[in-house]
Amino acid sequence: MGIRKFRVWRGDAAGGELKHYEVEVNEGEVVLDIVHRLQATQEPDLACRWNCKAGKCGSCSVEINGKPRLSCMTRMSTFEEDETVTVTPIRTFPIIRDLVTDVAFNYTKARETPAFAPPEGVAPGDYRMQQIDVERSQEFRKCIECFLCQNVCHVIRDHEENKPAFSGPRFFIRAAELDMHPLDAREDRKAYAQEDMGLGYCNITKCCTEVCPEHIKITDNAIIPMKERVVDRKYDPLVWLGRKIFRR
Ligand code: SF4
Ligand code: F3S
Ligand code: FES
């Protein structure tokens, strides 16, 4: 495919700039190959994060021509021959160096999300559930924690001040997964998502769903059902009465 033009953001928390490069590109290569070639031939100290090169570890998230993508899954053949390909770090999280950002926000939110709560008196190994219940939440288990959905959500991308109160789409699917789990003993997952995870900040723009490399239907299958059920529980007097009577 020959020599192609690239721009890569170089810098650290104090500031940086886009640097121009001309790099060899071969048939079948992906953007991560080019970043590695840059390291090998021109910029040995260029920082990037990656691990599997197979779209499964979620480490290589960057923005390519402004779009959040996995660099190991973005083929060079998707760009025009004369196009300059611009690679920048994901924007929503603090820069460490070059293409590497500090995604600790997501681990904080993971720790804040209440864990699976098994029913009392049932030992691990004795849990039983129907195949249909396994299938309902299986989609959410495909998450590779690339945090592209977190990166693209405008609630925190454009509003740093929302971060303490907003867990983000990756953790809304975790809450939905546990909410659908027939053996999870916590009954307040929907209310918790609304009140403590900031579900109410989400105005269903669906940008998270659009960027998910695992094609998880984050908005339709997790966020909207969680929102609907929160509304049911909060405002429907019959649901309220039912909960009082049946103690659900
Ligand atoms: Fe990545 Fe999709 Fe998981 Fe979000 S839900 S972290 S986009 S795999
Ligand atoms: Fe954000 Fe996704 Fe909602 S992008 S606003 S969490 S639908
Ligand atoms: Fe693992 Fe890209 S290197 S997802």
Side-chain angles (χ1 to χ4, degrees), residues 28-37 39 46-64 67-76 78 87 89-93 98-101 103-110 113 137-163 165-178 180 190 193-194 196-228 230-231:
E29 286 185 333
V30 293
V31 169
L32 183 60
D33 290 316
I34 311 310
V35 171
H36 285 162
R37 183 162 297 124
Q39 283 179 324
L46 169 62
C48 75
R49 189 185 277 132
W50 69 287
N51 198 315
C52 69
K53 207 168 173 258
K56 286 296 162 208
C57 74
S59 306
C60 66
S61 300
V62 289
E63 299 193 4
I64 302 172
K67 293 199 180 111
R69 307 285 298 268
L70 295 179
S71 61
C72 75
M73 298 302 285
T74 307
R75 288 188 171 275
M76 286 305 301
T78 54
V87 188
I90 49 177
R91 209 181 80 185
T92 301
F93 306 112
D98 303 336
L99 300 176
V100 179
T101 54
V103 292
F105 165 84
N106 300 289
Y107 302 122
T108 303
K109 296 299 172 185
T113 306
S137 60
Q138 196 75 4
E139 174 186 16
F140 307 132
R141 303 288 297 181
K142 290 192 303 180
C143 174
I144 59 170
E145 300 216 302
C146 64
F147 305 130
L148 290 176
C149 59
Q150 302 283 93
N151 173 57
V152 81
C153 178
H154 70 100
V155 174
I156 48 177
R157 188 175 172 97
D158 301 330
H159 301 278
E160 183 70 27
E161 70 279 10
N162 286 341
K163 280 185 177 170
F166 187 72
S167 295
R170 189 279 168 260
F171 301 101
F172 296 150
I173 66 170
R174 176 68 177 148
E177 177 201 333
L178 291 171
M180 291 174 191
K190 296 140 198 143
Q194 184 79 13
D196 295 275
M197 299 174 76
L199 186 66
Y201 285 73
C202 163
N203 54 352
I204 316 187
T205 56
K206 297 199 179 187
C207 308
C208 51
T209 304
E210 278 170 31
V211 298
C212 178
E214 286 293 320
H215 307 293
I216 300 169
K217 293 198 170 61
I218 301 170
T219 324
D220 287 352
N221 290 353
I223 292 176
I224 291 174
M226 289 290 277
K227 277 179 175 281
E228 282 170 354
V230 167
V231 171

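Along the sequence shown, residues are numbered consecutively beginning with 1. Order of appearance sets the numbers: ligands from 1, and atoms from 1 within every ligand. Computed over heavy atoms, backbone and side chain alike; hydrogens, waters and symmetry mates excluded.
- What sits closest to atom 3 (S) of ligand 3 on the protein, heavy atoms only, is Lys53 N, 3.1 Å.
- Taking the six-membered ring where the residue is Trp, the centroids of Phe172 and Phe166 are separated by under 6.0 Å.
- Here the side chain of Glu210 pairs no donor or acceptor atom with the backbone of Cys149 at under 3.5 angstrom.
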Taking it one step at a time, do Cys143 and Ile216 satisfy side chain to side chain contact (heavy atoms under 4.5 Å, CB included)? CA-CA 8 Å; Cys143 174; Ile216 300 169; 4.0 Å; yes
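- Separating the CD atom in Glu214 from the CD1 atom in Ile144 is a distance of 5.0 Å, to the nearest 0.5 Å.
- When atom types are taken as modelled, the side chain of Lys227 and the backbone of Asn203 share no donor-acceptor pair closer than 3.5 angstrom.
- Interface atoms of ligand 3 facing Asn51, defined by a heavy-atom separation under 4.0 Å, are 3 (S).
- Of all atoms in ligand 3, numbered sequentially from 1 with element shown, those under 4.0 Å from a heavy atom of Gly55 are 4 (S).
- For a heavy-atom separation below 4.0 Å, the residues in contact with ligand 2 are Cys153, His154, Pro169, Cys202, Asn203, Ile204, Thr205, Lys206, Cys207, Cys208, Thr219, Ile223.
- Only the backbone of Lys56 comes within 4.0 Å of ligand 3, judged by heavy-atom distances.
- When atom types are taken as modelled, the side chain of Thr92 and the backbone of Asn151 share a donor-acceptor pair closer than 3.5 angstrom.
- Close approach of ligand 3 to Cys60 (heavy-atom distance below 4.0 Å) involves ligand atoms 2 (Fe), 3 (S), 4 (S).
- Remark: Lys142 NZ is packed, more than 12 non-hydrogen atoms of other residues, nucleotides or ligands lying under 6.0 Å away.
- Environment of NZ in Lys163: crowded, with over 12 heavy atoms of neighbouring residues, nucleotides or ligands closer than 6.0 Å.
- Judged purely by atom type and a 3.5 angstrom limit, Thr78 has no side-chain atom pairing as donor or acceptor with the backbone of Thr74.
- In this structure a side-chain-to-backbone donor-acceptor pair under 3.5 Å is missing from Arg69 to Val62.
- Shown in contact with Cys57 at under 4.0 Å from a heavy atom are these atoms of ligand 3, numbered in order with element: 1 (Fe), 3 (S), 4 (S).
- Those atoms of ligand 3 with a heavy atom of Cys52 less than 4.0 angstrom away are 1 (Fe), 3 (S), 4 (S).
- Protein atoms of type N/O/S that fall under 2.8 Å from atom 2 (Fe) of ligand 1 number 1 in this view.
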Please evaluate residues Glu63 and Arg91 with respect to the criterion salt bridge (Lys or Arg N to Asp or Glu O under 4.0 Å), reporting the C-alpha separation (whole Å), side-chain torsions for both, the decisive distance (0.1 Å), and the verdict. CA-CA 8 Å; Glu63 299 193 4; Arg91 209 181 80 185; 5.8 Å; no
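- Counting only heavy atoms from C-beta outward, the side chains of Phe93 and Asn106 approach each other to under 4.5 Å.
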Could you please spell out the steps behind the side chain to side chain contact (heavy atoms under 4.5 Å, CB included) verdict for Ser61 and Leu70? CA-CA 5 Å; Ser61 300; Leu70 295 179; 3.7 Å; yes
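- Atom 6 (S) of ligand 1 has Phe147 N, 3.3 Å as its closest protein atom, hydrogens excluded (heavy atom only).
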